[in-house]
Student: 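The structure that follows is given in the form of structure tokens.
Every chain is numbered from 1 and lettered A, B, ... according to where its sequence line falls, protein lines coming before strand lines.
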Amino acid sequence: MIGANPDALTIYNTLSRSKERFVPMTPGRVTMYVCGVTVYDYTHIGHARTFVAFDVITRYIRALGFDLTFVRNHTDVDDKIIARAAEVGEEPLALAERFIAALDEDMGALGVLTPDVEPKVSTHIDAIIAMVETLIERGMAYAVEGGDVFYRVERFEGYGKLSGQRLEGLRAGGRIASDPRKESPHDFALWKSCKPGEPSWESPWGAGRPGWHIECSAMSCKHLGDTFDIHGGGNDLVFPHHENEIAQSEGATGAPFARYWMHSGMVNVMRDDDQQGEIVEKMSKSLGNFWTVRDVLGAYHPEVVRYFMLTTHYRQPITYSLKMMEEAHDRLEYLYTTLSRINEALGRIGTIPEAGNFVSPAAAPLETFFAKFHEAMCDDFNVPAALVPLGELAKASNELTKSKKKPKPDAAYTLAAIRSCLVQAGQPLGILQQLPEEALVELRDKRAEALGIDSEAIEQRINDRSQARQDRDWSLADAIRDELAEQGIELMDGADGTSWRIARVTKA
RNA sequence: GGCGCUGUGGCCAAGUGGUAAGGCAGGGGCCUGCAAAGCCUUGAUCACCGGUUCAAAUCCGGUCAGCGCCUCCA
């Protein structure tokens, strides 16, 4: 990508609690592992936030010229999956498989790139067992009667280095009675014996299944090695999941685990509370306050969902609301409208003039565009700041496309350059990747569909009005405009006919 | 109780030592048969108190408020 400088990238590392210059282990190559989800239900907007955040990160790392290997797992063996499967009378692995397919579909629709490797627990049992055995050999874990294996937390010196927790500060067993077979209440399960009827695999400790944290240690090790560059996930995984991963991996290999830990912020949701009024709280399955990706995709264009997520830095929490989605919709529509106007203007002349022969009047934002964009992106992927130069470009472009005349050669060149910049910058962000004319229709139709507006009826009335306007019957034309405006339809009279859009649902 | 995060104009949101990016909404204007779109223009001293400094939204201490994790969680 133009202006990209891989040496300039800075990443906030949870481990050091500071921004660090990013230097990969192997020059030019980056290895990254991101925790996926436990697949027992449809994914919600919270999952999508993390996936989109790391999608932008993977895209931008590649745009910087790095050769990235990206691994993201599916946890397909887990208590919740077993419980859900029992509820609906399905085989646990079949249920998991079904929701993996749904996840692929949802994330694909959101434009989230498929990772290079998507390992599953069920296909990595050997690697998991091997790692547990190593941990036992090294004294970092112990098997107990009944066929469970626990990690010996107190044996791992660095325990708590990621989350800043100290063993004494933890409320282990506070809410759930601690297993008396544990040496310490903080010890956690690496291998769990199974009850009859549950999915299980043979192991040196009897039939059972892996504990929750071990799969990520085993699978990241298998696909990326003992030490790799970046480990990511939602910040609710910092403790205990990621802390335990470090204990397992470093306890087993003796080598440093992930070098940079990146955590994305949660999606919040507003709720009306009788006592406290409006309160924000984390979107989560257990609170039941979630919107599934498919619900939201039913109402909004996928790039609108992405744009919404791009407006807040990935480490900050973001509040999901209708108002913010509408705002994102309008802003994306604005950018696509800008591109469409460029196409229209450029369509009025034949060939686009070559660079270098013209002094363009709107060159200022163009000259600084990539510098600003990369400066923001290299500052720990500051996407909200990176969006600013896009807006500047759009403004300059719309100034140039104001006139309906044939653009002058230097203006045409500038417009072509702006279009190219917008589309290029949109690539790592995952927006502006459609033909603008198609995107605008999709944006409009999606909103029409969500509001139950009949597009054909609208177009019919527009035709009626066009006739009235031809007859110079302004009062009838205005009456139709008002009638449609009642439904939130805004008409745009242009040189080549009338187009329409739907006004925002919520204003204040 | 422990660990961590946050508090910037009506709303959203960057900035983390040199006198506040950007977006939305609102006001004014240009354009338009009218309108929409687009363009121009307009607003904050950064929760509070104290300290460090030539200089702080930005560093340190304290207070208040909100949130997350410590149990499954993206």
Side-chain angles (χ1 to χ4, degrees), chain A residues 14 17 19 34-38 40 43-54 78-80 83 160 162-176 186 212 232-241 243 263-268 276 279-287 308 311-313 315-319 321 323-324 326-328 330-331 333-334 337-338 341 372 376 379 382-392 394-403 469 472 474-475 477-478 481-482 485 489-494 498-501 503-504 506-508:
Chain A
T14 307
R17 285 183 201 79
K19 279 184 199 169
V34 173
C35 287
V37 302
T38 301
Y40 70 100
T43 53
H44 60 65
I45 288 298
H47 301 127
R49 205 278 171 107
T50 295
F51 277 52
V52 168
F54 284 99
D78 170 88
D79 292 353
K80 290 202 166 178
L162 181 69
S163 59
Q165 298 285 351
R166 269 181 284 177
L167 256 20
E168 313 86 69
L170 297 174
R171 291 179 167 179
R175 281 184 258 183
I176 289 179
H186 305 300
W212 173 36
N235 70 11
D236 55 347
L237 298 181
V238 172
F239 191 89
H241 188 238
E243 196 69 65
H263 292 98
S264 57
M266 297 290 103
V267 172
N268 293 141
Q276 302 171 64
I279 56 174
V280 292
E281 60 187 14
K282 179 181 158 185
M283 178 181 287
S284 73
K285 281 274 200 270
S286 44
L287 289 172
F308 162 69
T311 58
T312 299
H313 183 93
R315 276 191 283 119
Q316 296 304 131
I318 186 170
T319 303
S321 73
K323 185 182 161 193
M324 286 303 129
E326 292 293 322
E327 201 172 313
D330 285 4
R331 194 61 185 160
E333 184 183 48
Y334 166 76
T337 300
T338 300
R341 286 167 60 135
K372 285 185 179 174
D379 182 14
N382 191 339
V383 175
L387 251 15
V388 170
L390 294 258
E392 289 173 354
K395 203 167 265 190
S397 169
N398 285 319
E399 179 65 36
L400 287 172
T401 53
K402 206 152 53 174
S403 159
R469 291 181 74 214
R472 305 186 72 81
W474 303 125
S475 62
D478 287 351
R481 176 191 288 292
D482 291 344
I489 310 298
E490 290 176 345
L491 304 184
M492 285 105 92
D493 293 332
T498 299
S499 59
W500 59 285
R501 68 189 287 275
R504 193 187 291 191
T506 54
K507 282 280 184 194

Student: Only pairs with both distances under 3.5 Å count, Watson-Crick or wobble alike; so what is the partner of A55(B) in this structure?
Tutor: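 Paired with no nucleotide.
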Student: For G1(B), what is the paired nucleotide under Watson-Crick or G-U wobble rules, both distances under 3.5 Å?
Tutor: C70(B)
Student: Take the protein atom CD of Glu327(A) and the nucleotide atom C1' of G10(B), then report the distance between them rounded to whole Å.
Tutor: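 Nearest whole value for this atom pair: 12 Å.
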Student: If each of Arg469(A) and Met283(A) is mapped to the nucleotide of RNA chain B with the nearest heavy atom, which maps nearer the 5' terminus, i.e. the 5' end?
Tutor: Arg469(A)
Student: Which part of the nucleic acid does Leu491(A) contact within heavy-atom distance under 4.0 Å: base, sugar-phosphate only, or nothing?
Tutor: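 Base: the residue Leu491(A), judged by heavy atoms under 4.0 Å, touches a nucleobase.
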Student: So, is Lys395(A) near the phosphate of A37(B), with a side-chain N or O under 4.0 Å from OP1 or OP2?
Tutor: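 For A37(B), OP1/OP2 do not have a side-chain N/O of Lys395(A) under 4.0 Å.
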Student: NA contact type, Glu168(A), heavy-atom cut-off 4.0 Å: base, sugar-phosphate, or nothing?
Tutor: nothing
Student: Taking atom P in both C3(B) and G26(B), compute the distance separating them and give it to the nearest angstrom.
Tutor: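 Comparing P positions in C3(B) and G26(B) gives a spacing of 47 Å.
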Student: What's the NE2-C1' distance between His47(A) and C72(B), to the nearest Å?
Tutor: 11 Å
Student: In whole angstroms, how far is the P atom of U16(B) from the CZ atom of Arg315(A)?
Tutor: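 Distance check: Arg315(A) CZ to U16(B) P gives 11 Å.
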Student: Name the nucleic acid region contacted by Ser264(A), choosing base, sugar-phosphate or nothing; use a 4.0 angstrom heavy-atom cut-off, strictly under.
Tutor: nothing
Student: So is the aromatic ring of Trp474(A) stacked onto the base of G33(B), judging by whether the centres are under 5.5 Å apart and the planes are under 30° apart?
Tutor: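 Given the distance and angle limits, yes, they stack.
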Student: Tell me whether the side-chain N/O atoms of Asn268(A) come closer than 4.0 Å to OP1 or OP2 in C67(B).
Tutor: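 It does not, given that no N or O in the side chain of Asn268(A) lies less than 4.0 Å from OP1 or OP2 of C67(B).
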Student: Side chain of Lys323(A) only, heavy atoms from C-beta on: which candidate in A35(B), A74(B), C11(B) is closest?
Tutor: C11(B)
Student: Please determine, for C64(B), whether a Watson-Crick or G-U wobble partner exists with both distances under 3.5 Å, and give it or none.
Tutor: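 Base-paired to G7(B).
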Student: Can you tell me how far apart CG (Leu162(A)) and CZ (Arg17(A)) are? Round to the nearest 0.5 Å.
Tutor: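 Reported value, rounded in 0.5 Å steps: 7.5 Å.
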Student: Within the structure shown, what part of the strands sits under 4.0 Å from Val388(A) by heavy-atom distance: base, sugar-phosphate, or nothing?
Tutor: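 Base contact.
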Student: Would you say Lys282(A) places a side-chain N or O within less than 4.0 Å of OP1 or OP2 belonging to C69(B)?
Tutor: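 Result: yes.
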Student: Gly391(A) and Tyr334(A): which non-hydrogen atoms are nearest, and at how many Å?
Tutor: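 Scanning both residues completely, I find the closest heavy atoms to be O-OH, 4.4 Å.
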Student: For the side chain of Lys80(A) and the base of C72(B), is some donor closer than 3.5 Å to an acceptor across the two?
Tutor: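 Indeed there is one.
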Student: Could you tell me how far apart His313(A) (NE2) and U8(B) (P) are, to the nearest whole angstrom?
Tutor: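 After rounding, the gap between these two atoms is 17 Å.
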Student: Take the protein atom CD1 of Ile318(A) and the nucleotide atom C1' of C24(B), then report the distance between them rounded to whole Å.
Tutor: 14 Å
Student: Is there a Watson-Crick or G-U wobble partner for A14(B) with both distances under 3.5 Å, and if so, which one is it?
Tutor: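 Paired with no nucleotide.
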Student: Would you mind classifying the nucleic acid contact of Gly36(A) as base, sugar-phosphate or nothing, using non-hydrogen atoms under 4.0 angstrom?
Tutor: sugar-phosphate
Student: Sticking with atom C1', work out how far A25(B) lies from G62(B), rounded to a whole angstrom.
Tutor: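 Going atom to atom, C1' in each nucleotide, I get 37 Å.
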Student: Work out which heavy atom in Leu237(A) is nearest to a heavy atom in Cys35(A); give both atom names and the distance.
Tutor: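 Result for this residue pair: CD1-CB, 3.7 Å.
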Student: Taking only the side-chain nitrogens and oxygens of Tyr334(A), find out if one of them lies under 4.0 Å from OP1 or OP2 of C39(B).
Tutor: yes
Student: Between atom CZ in Arg49(A) and atom C1' in A74(B), what is the gap in whole Å?
Tutor: 10 Å
Student: Can you check whether any acceptor in the base of G33(B) is under 3.5 Å from a donor in the side chain of Arg472(A), or vice versa?
Tutor: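 Looking at the base of G33(B), it does not pair with any donor or acceptor on the side chain of Arg472(A) (distance under 3.5 Å).
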Student: Nearest to the side chain of Asp493(A), which nucleotide is it out of C34(B), C70(B), A14(B)?
Tutor: C34(B)
Student: Quick check on G68(B): is either OP1 or OP2 less than 4.0 Å from any side-chain nitrogen or oxygen of Asn235(A)?
Tutor: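 Indeed not, no polar side-chain atom of Asn235(A) lies that close.
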Student: Classify the nucleic acid contact of Thr38(A) as base, sugar-phosphate or nothing, counting any heavy atom under 4.0 Å across all strands shown.
Tutor: sugar-phosphate
Student: Rounding to a whole Å, what distance do you find between Asp330(A):CG and A37(B):C1'?
Tutor: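 Distance, rounded to whole Å: 12 Å.
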Student: Among G33(B), A37(B), C3(B), which nucleotide has an atom closest to any side-chain atom of Arg166(A)?
Tutor: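 Selected nucleotide: C3(B).
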Student: Provide, to the nearest angstrom, the distance between the CZ atom belonging to Arg501(A) and the P atom belonging to G38(B).
Tutor: 7 Å
Student: Suppose we define a pair by two distances each less than 3.5 Å, Watson-Crick or G-U wobble; what does C31(B) pair with here?
Tutor: none
Student: On a whole-Å scale, what distance lies between the C1' atoms belonging to G27(B) and A20(B)?
Tutor: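 Pairwise C1' distance, G27(B) against A20(B), rounds to 22 Å.
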